[in-house]
Protein chains: 2
Amino acid sequence: MSQQSPRTVLIVDDESSIREMLAIALEMAGFKTVQAENAASALKQIASRLPDLMIVDWMMPNVSGLELCRRLRRNPDTASIPLILLTARVEEGAKITGLEVADDYITKPFSLRELVARLKAILRRTTPKGIEEPVEYGNLRLDPVGKQVTASDRLLALSPIEYRLLQLFMTNPNRAFSRTQLLDRVWGGDVYVEERTVDVHIRRLRKTLGTELSDLIQTVRGMGYRFTIGTNYTD
Amino acid sequence: MSQQSPRTVLIVDDESSIREMLAIALEMAGFKTVQAENAASALKQIASRLPDLMIVDWMMPNVSGLELCRRLRRNPDTASIPLILLTARVEEGAKITGLEVADDYITKPFSLRELVARLKAILRRTTPKGIEEPVEYGNLRLDPVGKQVTASDRLLALSPIEYRLLQLFMTNPNRAFSRTQLLDRVWGGDVYVEERTVDVHIRRLRKTLGTELSDLIQTVRGMGYRFTIGTNYTD
DNA sequence: TTAAATTATTACAAAAATGTGACGACGGTA
DNA sequence: TACCGTCGTCACATTTTTGTAATAATTTAA
């Protein structure tokens with residue numbers, strides 16, 4: 001049974017009719033959908049919550065879909081979101097230009113069945129990398145499928161937030177996150193809590209990790225926190 | 001993490017009490033604020049100095065806030081200023097119409113904390129940071145992503161100021177900085193500290209770098225300091 | 001060489017940042 | 001209903017960082 005949390009697809013198109021059609025088709029296929037009618041709105045949605053995949057219309061007023069994709073690619077946080085470009089163009093040149101930034105493209109008119117199929121294909125080959133593969137450092141192991149964390153084969157009891165924190169850390173080792181970034185990516189961009197709340201949850205995470213493993217989560221003074229591996233210290 | 005020059009927020013509202021409340025809240029959050037009580041005044045303020053973000057009341061006499069936003073969007077100079085619409089309307093129609101021109105909207109009554117949070121979120125995503133590549137000279141390596149510095153793979157414990165100092169030096173090798181320049185670029189242009197304080201921090205940086213690497217930071221007598229690489233000396 | 005100018009070093013107290021425990025709120029559940 | 005786990009926030013403790021002044025060391029100019 002593939003009852004993971006449903007994938008979220010962000011549909012970016014200026015025509016509401018197309019958005020609606022796609023939304024219905026995708027929701028029937030078991031996806032969650034979010035819509036945006038322009039690039040600015042899309043960026044806002046993304047800031048609020050990272051989608052698992054995006055369908056972007058090539059031709060849009062102001063910022064074109066292509067330009068939106070380029071901007072997404074430049075930002076490390078969004079660079080890995082799989083993209084499907086929706087285009088009416090059939091020319092080879094356009095195809096190639098589009099593929100440089102997109103993972104796939106579909107020319108209008110298109111069959112919904114085909115779209116869904118391609119979408120699933122892309123998710124199949126892009127998600128296992130980050131989301132479903134267990135991450136492991138030393139004897140600490142995080143299993144995204146079972147949402148379980150084990151240390152030396154002992155199961156750790158993590159709260160939901162602790163789990164997401166650890167997952168973010170373990171999938172981005174040696175990267176410092178500010179409290180704001182953590183709030184954005186663990187809590188979600190649309191939740192407003194005190195920055196210091198992060199400290200408390202770091203504390204709780206460290207506590208459940210135990211004395212040995214808690215060293216993995218380091219304080220970066222004046223900045224935030226970092227999951228550090230493979231470095232020697234000389235303090 | 002607000003060591004950048006303070007952002008300026010232009011508040012446009014016909015009710016002075018609301019303007020004042022917003023101004024106080026925002027200034028407590030570290031922003032500079034400018035106020036305007038109508039669209040004309042707002043345009044004047046903008047002409048005098050471009051704000052980093054605007055909060056605009058939807059309902060205003062004469063030109064409505066929405067109309068003001070539209071005019072701003074039409075002008076290339078002001079089109080990219082992020083906008084937050086302040087509105088009492090809750091209807092879906094209003095939301096959608098508003099979002100076409102604004103980056104976000106907040107319905108009255110609103111929580112100041114939420115407003116500040118959203119405002120920061122908008123600034124965060126409209127001011128994308130450049131891609132940060134590690135800098136490396138010899139066995140000294142500074143990693144902006146992890147905010148860590150290693151010497152021969154040993155992690156150095158730098159304080160925030162030491163880190164920023166070293167980052168400035170390493171990204172501008174062989175360039176001499178005066179103490180004033182260092183204060184501007186490491187401390188930020190809006191703080192007042194003694195010039196001699198720089199000396200102390202240089203000393204601290206040299207100390208944490210260790211005897212070998214401390215030679216990299218050279219004193220330029222009568223001028224300031226310089227990060228020197230690839231040069232041999234024969235005094 | 002000496003005196004003046006400049007920088008290095010040290011110590012210390014204030015300020016800032018982070019760690020920590022506790023409390024109440026909230027939703028789910030027996 | 002009461003219980004339980006989780007969460008956000010606060011108050012207070014602890015640690016680190018920072019600015020400054022005092023003093024030592026060094027360089028420069030005459």
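The sequence lines fix the lettering, A, B, ..., with proteins before strands; numbering per chain opens at 1.
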Give a yes/no on whether any side-chain N or O of [X] is located under 4.0 angstrom from OP1 or OP2 of [N].
| X | N | result |
| --- | --- | --- |
| A:Arg221 | D:dT15 | no |
| A:Arg206 | C:dG19 | yes |
| B:Trp187 | D:dG19 | yes |
| A:Thr219 | C:dT18 | no |
| A:Ser159 | D:dC7 | yes |

(request) Could you label the plane-to-plane angle of the A:Tyr137 and A:Phe227 rings as parallel, tilted or perpendicular, counting under 30° as parallel and over 60° as perpendicular? (result) tilted
Would you mind reading off the distance between [X] atom [atom1] and [N] atom [atom2], rounded to a whole angstrom?
| X | N | atom1 | atom2 | result |
| --- | --- | --- | --- | --- |
| A:Ile217 | C:dG19 | CD1 | P | 11 Å |
| A:Met223 | C:dA16 | CE | C1' | 17 Å |
| A:Leu165 | D:dG8 | CG | P | 10 Å |
| B:Leu183 | D:dT20 | CG | C1' | 14 Å |
| B:Leu158 | D:dT17 | CG | C1' | 13 Å |
| A:Asp199 | C:dG19 | CG | P | 6 Å |
| B:Gln218 | D:dT26 | CD | C1' | 16 Å |
| A:Glu162 | D:dC7 | CD | P | 7 Å |

Select one nucleotide: of [options], the one nearest the side-chain heavy atoms of [X].
| X | options | value |
| --- | --- | --- |
| A:Arg204 | D:dT18, D:dG8, C:dA8 | D:dG8 |
| B:Arg196 | D:dG19, D:dT9, C:dT6 | C:dT6 |
| A:His201 | D:dT17, C:dT18, D:dG8 | D:dG8 |

(message) Ignoring hydrogens and geometry beyond distance, is a side-chain donor-acceptor pair present between A:Ser16 and A:Glu37 at under 3.5 Å?
(response)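 Looking only at side-chain atoms, A:Glu37 and A:Ser16 do not form any donor-acceptor pair under 3.5 Å.
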(message) Any donor-acceptor pair under 3.5 Å linking the side-chain atoms of B:Thr228 with those of B:Arg226?
(response) yes
Regarding [X], tell me which of base, sugar-phosphate or nothing describes its non-hydrogen contacts under 4.0 Å with the strands shown.
| X | value |
| --- | --- |
| A:Tyr225 | sugar-phosphate |
| B:Val191 | nothing |
| A:Ile161 | sugar-phosphate |

(message) Going by the rule ring pair (Phe, Tyr, Trp, His ring centres under 6.0 Å), which residues pair with B:Phe31 if we only count those two or more places apart in sequence or in a different chain?
(response) none
(request) Inspect the contact between B:Glu136 and B:Arg141 and indicate whether a charged nitrogen and a carboxylate oxygen are less than 4.0 angstrom apart. (result) yes
